[in-house]
Each structure stands twice: as structure tokens, then as C-alpha cells.
Amino acid sequence: MTAEIQRLAAGPYAARSHEVWRHRHVLDVDDFTVAEIELVMATTTEMKEILARPIKKVPTLRGTSVTIIFWEASTRTRVSFEVAAKNLSADVVNIAAQASSVTKGESLVDTIRTIEALGADMIVMRHDASGAPYLAAEHFSGHVLNGGDGWHAHPTQALLDLYTMREHLPGGSVAGRKVVILGDVLHSRVARSNIWTLTKSGADLWLCGPATLLRGFERWAGATIPGGTSFTVTSDVSRALSDAHVVMALRIQKERQEGGLLPPLREYTARFGLTRERLQRAHPDALVMHPGPMNEGLEIMPDVATGTQSVITDQVTNGVAVRMALLFLVSGARDVE
Amino acid sequence: MTAEIQRLAAGPYAARSHEVWRHRHVLDVDDFTVAEIELVMATTTEMKEILARPIKKVPTLRGTSVTIIFWEASTRTRVSFEVAAKNLSADVVNIAAQASSVTKGESLVDTIRTIEALGADMIVMRHDASGAPYLAAEHFSGHVLNGGDGWHAHPTQALLDLYTMREHLPGGSVAGRKVVILGDVLHSRVARSNIWTLTKSGADLWLCGPATLLRGFERWAGATIPGGTSFTVTSDVSRALSDAHVVMALRIQKERQEGGLLPPLREYTARFGLTRERLQRAHPDALVMHPGPMNEGLEIMPDVATGTQSVITDQVTNGVAVRMALLFLVSGARDVE
Amino acid sequence: MTAEIQRLAAGPYAARSHEVWRHRHVLDVDDFTVAEIELVMATTTEMKEILARPIKKVPTLRGTSVTIIFWEASTRTRVSFEVAAKNLSADVVNIAAQASSVTKGESLVDTIRTIEALGADMIVMRHDASGAPYLAAEHFSGHVLNGGDGWHAHPTQALLDLYTMREHLPGGSVAGRKVVILGDVLHSRVARSNIWTLTKSGADLWLCGPATLLRGFERWAGATIPGGTSFTVTSDVSRALSDAHVVMALRIQKERQEGGLLPPLREYTARFGLTRERLQRAHPDALVMHPGPMNEGLEIMPDVATGTQSVITDQVTNGVAVRMALLFLVSGARDVE
């Protein structure tokens, strides 16, 4: 056991985590308390210290078996979880479900039972059906981490987004800051999970895009989230961006569009694309974010994506640290539940 | 070297294995002696003890390079071998042959020669051509383990099936027990390998399914297997299940059916599907087994698959331990051959 | 730190490497000095000593994260790099770009930036666009190793080819030896990279194939490579093979042929296929080589490919050692640049 691990196991940090953390799984952020969000943020900072070392590896999860199974193609989220798990010395098994026998009529529940019987302690999964990780969690005695389910939730993305904002915003907090999520909100699990973390953290959240891609969110905006702020929904991009502190452009997921919801792409770019001109309406130090992969020239212009205000690659780097933190926290949760 | 390994290397167990074990490869179980089968069973029990520890890893195969190459899609068998090899600290390389340049006109022999030249000590392979692992073994100086070849053999499956039966049957033996393999026997490498281990172990084996899916087995049933029992072939499901101690339903491999061999699926389920009602003809404690992946509602009903008599997930768990045992035994075979 | 590593770090060998080695990346061999080529050869020999041990693993790159991303299917090159990196104790992440979200409109540069943000220290890449690794190297702060780009370059293949020739030729040198590259030179990155290493090493190089598959090389043959020999281009296979010391047959890449460039395959085999009869024109001890995967019976006959003069599997084995050497050399390059 390294000094790092002894400190994590013995110090006030671990004590704090035992008091606060109550999750066996990470399925969404909608049931995270403010204290739990703070714990994830603090643990992520510890993990970033590990990532800054010459050898980025600690033995924390040695002997733990993590199965990563993705029913949708992905590069960054899958690799991010794989790197995070390996940095903690876990054993990782990758299953590309879309290329495996899993597709041949085997039910999700049977697959999860099989993965458990094969010895997995944790499952990281992405599925095109909203709610699939909840079903998996009901049948798995270990820990399920949701790497994205349908249009529903992408909790690790929302937590890395929050961490990145706090890292760069003056004062280290999103409270009272104007945060704009711009684009195809309707089909975005990233947006849905961000709504929970950002309103709970006191942000002044704005959702902006074509009216067809905001359907259903106006009603939600009016609802009260206990202890949280409400949010604003608008198709007026000038009003949304005005004095914003954070602008997060969403990927236009062409393959997910139903007929008629999306304006022609050229028109979308003209009206909602994140250009240098449009960004000038925001605060001069406004952060530019994107969950990736980007369609540069469509929802975001290349000079904005790589400009001085962009923190997009920081999001990717923080993603590894956030996932290390969550793998660590759920594994420790065995003791307190 | 850990105490575990010292014990394996020095104790009566290892002495026993040096006397008994004579296989450089695991291609099928048809040439396994009863003593070898017993050795695999005993070694599997040792491996299950390792799997019961908090850290399921021993250094036994440290520095051994295992290449897993599958020409057919698979989840459970591939992952089971991967986990088994990693539990023994081997280095694992995965090759999905159906997605690689292997498919572009390169011969099997050239592929095997290449894998050897790349440094592999062991090859685990699945191939759609019956006999392919034998050809591979002729050209590979290390060890070949057959993960399934065409309709021919699936030796590790038969051994894990046997282990699971012995683990659950009173007295720990299949001798004299009525074991029924139910379904598409014709296209099943699982059935073919099970015939060898079960008749050698003295089971009262019954094969049951539509007559078209039992073709050729009646003649085999009459042949004498040296030292083994004969088996019964029938399409009479009531007679087959009557007082059975084990019922193993086979997967209906829709993609493998030639035209006309299989009755319509609804009719198959009506006549041969393993339902709760049908199972009541068997012994009250009869074990329910399936090699997976299951078509629940087709060859087996969901309530039977997950019922109290089902040992299907035990099969998966034991599969990891059996494969650990076989990887260990073939590696040690270097000393005795 | 093992004695091996201490020796590498402290001995005259390392001193030599610090004087000689100037590459942060391995993109092609066209800018390798003769001294650098010699260093790669000497380091490869050290790595072969490691490969001859019972446990083929050294901790040299422990904590180094290597991402292998291939936009084209491959078995031997990808696995060779993976095994090489693991032998040096690096952490390896595989990305099959053709099967991932990378294909969905994300730019190469964005992908490279993402891989860096995920924590990679080295990228091994194959891409169907010539020059792609150069673009990657401009945007990556770590080390890029080219595993093949379009028709342009395959530097690690050329170095393993050179090593294999030197290992088998009397005197351990290609200087003054007649080396024939036979086949589809036009579409071959293997041929292009071999031209650089072989002419710099003083070989008497001959390129031979149908005139349509030699287009553009006659002009190059006349150009002076500083410090190197020129080479000969011909469609006269008898003249090319006459008294040759090395004959390297190239893969006929059917999928890359533009209409009309290639003669019908049967005619190609009749005129240029490497048969036993044709090989008899060469020196009696001439080496037979092929970069693989082979179309046996098309560009090379099976009896030649596996005959006593063939060093084709040695090429594969040396490939692992050469890649270990290059991973080691670029990693140490951090100190000297």
C-alpha cells in the first residue's frame, strides 16, 4: 500500500467520503446531493494529482475486475473509462456489444448475469435504450456506471463538465454564473444530466436551440428542483449568449434526427453555430465547451474550438480524473452500504 | 513465487499432474483418459479457491503470452478465456479475426505461423471450420486450446458442464445419473464434446430433439466407447425427461439451420421447449443447464432459466476456473513431454 | 530498476544513443542517418536478447501510455506493436478507428488532440491517407510512430526487413548485395521505405514488376540520394533475379488496384510470381522475404514461402524487437531534444 492510499484510507478525506457517499451505482446525477457532488469534485482533484506524476498508476483497485460493454460505438468515453480503471490498477475487459454475440437475441439481463458470473466487480456500459443501466443495476450485485443511455443520461460527462467549469471560473464555482447549452438539446443525454448538476450547483442555466430541438424542456424549466435554481429555455441565441460565462455547444447528431426536426444544416450553422462573432456577445473570458466529437464548421467553428477560450481538451483530461474518482467512490461504497 | 505456486509445484497435487497429464493441446475431449478428466476436475477446484479470494490473481503464467483469436463472434467464451489467462497473470492479445486482415485471403496456417513468430506461447481459437485447431496445432510449437470449431468440438464447455454437474449432484458424480441433452444436437459442438466426457464418466446419457436434428447420432449411440457407457437417442421428450437428473437445453442456432431441418420455431417450442410443465417429468431436484447464449422463450422458458433448479450462471463461473485449470495444465505439460 | 535497465541507462550503449538519436517521432526512414540506422540495429539486438529470456518483460516503459489507433484493418503490425509495448511494460490502449466514432466526421486533428488529453504518451497509427502521421505529429506533444500511411511509408517494416537481411547475409551487411523487390511497387509503402534504408546501406537495389506498377520510380532511381547508392528499375524478371542475394515479394493488394494497372492475376503469377524455378536464377543462398499477409499461389508459391531460403517468419519475430527498440529510443529522446 502506497502512502497515497494510506492517506486516502486513513485521512479526513476518507472519513468525509464515508459520511457523504451513498451510491452503489452511478446511473444518473439526478439523485446526487450537493454534498455528493462536492465529494466527487474533491476526489477528482486528488486524482488529478496522481495524473500529474511521472507514473500515473496507483494500486487502489488492484484485483478489481471492470468490464466495459458498449452497445454504441464510442472512442473517448470508452477509452476514458479504460484509462481511468487501469490507472487505478483494475483489470479491464472490453466488450464491443455491437460486434459480439450479445446482438444475437440475448437479452440485456442475461448478458449482465453472464458478466457477473465471469467475475466482474464493476460494469461500465453504454446502451442506446434509455434506462438500460437501471435494469442492469437491478440484476448485478456489483457496481454499474452509466457511460450514456439513449437520450436519457450521461452522468460522468455532466460531472466532468462541472469540474472543468469550476476549475476555470473565478471563485471556483458556477453559482450565479450564466451557463448556456447550445444546440440539439432534445436528443442530448449530455444536456439532461447537465441540467441536474448545474441547477443544483446554483448556475443560471440557459438552454438554446431551434424550437423543435427544445421540445418538452419549457415545462421542465418551470418545475422546481429541490434546492436548485430553475433554468431558461429560448431560441433567441443573442439573448442566450449575452454576458454568458460558459457556452457549451452540443454535437449535432445527424444520425439521430427524426425527419423535420432539424433545419437544413447550413441554416443551423447560420442561426446557431458557435462562431467567433456570436461568441463576442458573451463575457470576454467566457469558457467554450463541447462534449465531443465535434462537427467543426457545423455546430462550432474551428477557430472557436481551438481558441484561447476553449477548454475542450481540459474536459477530456478531467474526464479521466472524474471517472477515476467515481470508480474509487463506488468501490469504497461497499463498506458503508 | 508465492506460497500457492510453491505448493502447486512441490505438493502431491503437482506430482499427480506430472504422472497423469499427457496433453500439449486441448483440441477435444475424445482422447482424454478418465484420470485426465479427474485431474482437470481437481485442478478446477483449486482454481475456484483462488477465485474466492479478494484478489483473484496468481503469478503462475507471468511472462506467458496468450493470443486469443476468434473467427466467430463470441462474448462468453472469449471473455472467459481472457479472464482466466489474466487471473494467472498471462499477457493476453485479442484478435477478432472476422474484423482483421486475416480474412483477406491469408491462410489459417500462415496466420498461425505469424502468431507464433509474434511471440505467442499459447493460442486460444474459435473457428467455423471443424478441425481447424488440429491444423493449427500441427504448425504451432506452443499450446492450442480449442474454443469451439464448427459443429465438431467445444472441449472446455464439456469440461465445465461436467464440473457443474458434479458440483451439484449428490455424491459428486454423474455415474449412473440420467443426463438429457435437449434440442439441436446435429449442429452442436457442445453436444458432441459432452457425449465423450459424460459416457466416459458413466452417465446415463440421452439425446433428445426433432429427428432431423439427431441425424447420425443413432449409429454413434450403438458404438462402444472404450470404458464408457452407451447413450440413447430419441425424439420422445416425455420419455427422455422422465426422472432425469440433469436437463441441458441447447441453443437453437437459427443462423446455422439448413432449410427444412428445423420445424417452425413456434412448433419447436411447443414440442421441445423446456417449460416448467415439461421439467416436472424430471427428478424434483434435476439440474437445468444451458451453454448460452439463450433464446429465452424459444428453447427454454425464462422462469425455468432463472428458477431454483437452474445452474446456468454456475456454468459461466465454473468456465473461468476450468479454463484456468487447462491453461495451467498445458503449460506444465512442457516438463513432462 | 533491473540490472538490464541500469546497464542500458549507464553503459556505453546509452551514451551512444544520446549522441546519435535525434528523432522525437518515427514517421519515415527518409531522414534517418546511417548512424541512426545502426543504432536501431544495435538496439534491436539488445531487444532480441530480452525476447530470448523465459520472461520477456522489462520495466523500461512502465507508466508510459501507448495508444494504438488503426484506421485500416491489420493483424500483424498492430499486434506486433502491442506485444512490443507490453514487453516494455507500457500500458496499451487499442482503438479500431474504422469501427469507432472516429469515423463519424471527427477530424484527424481532433482525434489526436483527444488521445493526448486522455493521457497518451505515444501514438502508434496506421492511416489510409499518406502523410496523416505528419499531421498527427504536429498536434501531439508526445511521440508518433507510423504503422503505415497510404502508399507513402512503413518505416518499421523497412527497418525490420533490413535487420532480417543483415542477420542472415554473410558478413552481416547489405552493402554490395543485390536486393530485389518484386511486384506491385507502385502501391507499396513497404517498397518506398525500403528504398531509403537499402540505398543508404549501400545495397544494389532492384525494383521489378509490370511496367504499370513501376510508374514514377524510374525518375527516382536516377536521382542521387546523399551518401547512398542508386537503384535499378526493370520489368525483366530474369535479369532482376539473376544472382540476387535477397528477393522480397510484395503483396498484390487487389483492393487497391485502379482499373487497368494490374494484368489479370493468372498472367501476373505466370510472369512475376516467385516460383521455385524463377528463384533458381538467384544466388543459391538467396533470402526469400515477404511483408505479409501473403497471397500464396499468387505473388509467391507456397513451397517458396515455407522453403529453406525463406526468412518470412524471422521478419515477423524481428518486427517485435525492432518496434521495442524504436519505442525505447523515442522515449529516451525526451532527454536529448
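Computed from a prediction, not measured in an experiment: that's the story for all the values here. Only this structure's heavy atoms are used, side chains among them; waters, hydrogens and symmetry mates stay out. Chain naming here is simple, since letters A, B, ... match the order of the sequence lines and numbering starts at 1 in each.
- For the 3.5 Å distance criterion, the side chains of C:R113 and A:T313 fail to qualify, holding no donor opposite an acceptor.
- When all heavy atoms of A:E296 and C:S107 are compared, the closest pair comes out as OE2-OG, 3.7 Å.
- One finds the OG1 atom of C:T64 at 7.5 Å from the NZ atom of A:K56 (value rounded to the nearest 0.5 Å).
- Among all heavy-atom pairs drawn from C:V93 and A:V83, the shortest one is CG2-CG2, 3.9 Å.
- For the set C:G63, C:A117, C:S65, the entry with the most heavy-atom pairs within less than 4.5 Å of chain A is C:A117.
- Interface remark: of the candidates A:D314, A:N94, A:V92, A:I55, A:I55 forms the most heavy-atom pairs closer than 4.5 Å to chain C.
- Residue A:I312 holds its CD1 atom at 9.5 Å from OG1 of C:T114, rounded to the nearest 0.5 Å.
- For chain C, no part of A:P302 is nearby; none of its heavy atoms comes within less than 4.5 Å.
- Classification of C:D91 and A:K57 as a salt-bridged pair holds, one side-chain N sitting under 4.0 Å from a carboxylate O.
- One finds the CD atom of A:E82 at 8.5 Å from the CD1 atom of C:I95 (value rounded to the nearest 0.5 Å).
- With chain A as partner, the option from C:I115, C:V109, C:L118 having the largest number of non-hydrogen pairs under 4.5 angstrom is C:L118.
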